[in-house]
Amino acid sequence: MEATYKSYKTSWKSFYKLICLMILVLVLAFAAKYVGPFAGWSKWIWIAAGIIDVLILLYIIVQRTTMVLVLKDNPGKAEDQEVSFVTCHPLKPFSPDFRESIEIGLSNIMHIKIGQTMMQTVLNIGDIVITSSGTGSEEIKAKNIPNPQAVRDEIQVHARRYSMPTNPAPVSAPEA
């Protein structure tokens, strides 16, 4: 059986609010060119709008690249049969919390839940919450994953390979 290594990142579509904000800043800068009191400040308003848009774009790129949900299924290695969630906090570069990683073995996955707002449903993105049998609480919460139903189904298919039945059927003794 082949080894499977797949990673899922935050969707670009999940930043729709920030992209709308970037467009709004440019529209306001354009409108300020024709408004009486701001007409002389046109150059500086465009520079400020450009800086704001660049900062928003950098924020989007950092947010997208600092979170990844990874499915590892290598039947030949027991240590490579897990779902891991890695996130970085770029605003804490010298903190021990800068990079956090959570791993759940495929055999320990208890529940996989998808949460979606109405807008996330329209954009086909959602939050995936994975609960393990060890704690019973939500351990992994990956936000804004594209096509969350397909990701959940794929994780469940791989997890079923390693799950044991919790209540085996009782063996009845032959009647004499």
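Count residues from 1 along the sequence. Just so we're clear, the structure is a prediction, and the values are computed from it rather than from any experiment.
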Checking D80 against Y5 for the side-chain hydrogen bond (donor to acceptor under 3.5 Å, both in side chains) test, could you report, in this order, the C-alpha distance in whole Å, the side-chain angles of both residues, the deciding distance, and whether it holds?
CA-CA 9 Å; D80 275 355; Y5 298 98; 2.8 Å; yes
Answer whether the closest heavy-atom distance between the side chains of [X] and [Y] falls below 4.5 Å.
X    : Y    : answer
V86  : E100 : no
Q156 : R160 : yes
L69  : V83  : yes
L21  : K17  : no
R99  : C88  : yes
D73  : R161 : yes

Do [X] and [Y] share a hydrophobic cluster, counting only Ile, Leu, Val, Met, Phe, Trp and Tyr and linking them when any side-chain heavy atoms are less than 4.5 Å apart?
X    : Y    : answer
I104 : I112 : yes
V157 : Y8   : no
F15  : V122 : no
I125 : I128 : no
V25  : I61  : yes

Gap between atom [atom2] of [Y] and atom [atom1] of [X] - 0.5 Å precision:
X    : Y    : atom1 : atom2 : answer
L71  : K6   : CG    : NZ    : 7.5 Å
N108 : E139 : CG    : CD    : 9.0 Å
L28  : I23  : CG    : CD1   : 12.0 Å
I60  : M22  : CD1   : CE    : 5.5 Å
N144 : T117 : CG    : OG1   : 8.0 Å
W46  : D53  : CH2   : CG    : 9.5 Å

Can you check side chain to side chain contact (heavy atoms under 4.5 Å, CB included) on N124 and Q149, steps first, answer last?
CA-CA 9 Å; N124 194 22; Q149 290 84 4; 3.8 Å; yes
Might you confirm whether atom OH of Y59 has over 12 heavy atoms from other residues, nucleotides or ligands at distances under 6.0 Å?
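Incorrect, the count does not exceed 12.
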Between K13 (side chain only) and L123 (backbone N and O only), is there a donor and an acceptor less than 3.5 Å apart?
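Checking the backbone N and O of L123 against the side chain of K13, a donor-acceptor pair under 3.5 Å is found.
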Side chain to side chain contact (heavy atoms under 4.5 Å, CB included), that's the test. Do I19 and Y16 meet it? Break it down for me.
CA-CA 5 Å; I19 292 169; Y16 64 92; 5.7 Å; no
Non-hydrogen atoms of [X] and [Y] that approach each other most closely:
X    : Y    : value
V70  : S7   : CG2-CB, 4.1 Å
P148 : Q116 : CG-NE2, 3.6 Å
H158 : E154 : CD2-O, 3.0 Å
K143 : T10  : O-OG1, 3.7 Å
E82  : L106 : N-CG, 3.7 Å
S84  : E103 : CB-CG, 3.7 Å

Side chain to side chain contact (heavy atoms under 4.5 Å, CB included) with I145: which of M67, K9, Q120, R152?
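Exactly one option meets the side chain to side chain contact (heavy atoms under 4.5 Å, CB included) with I145, and it is M67.
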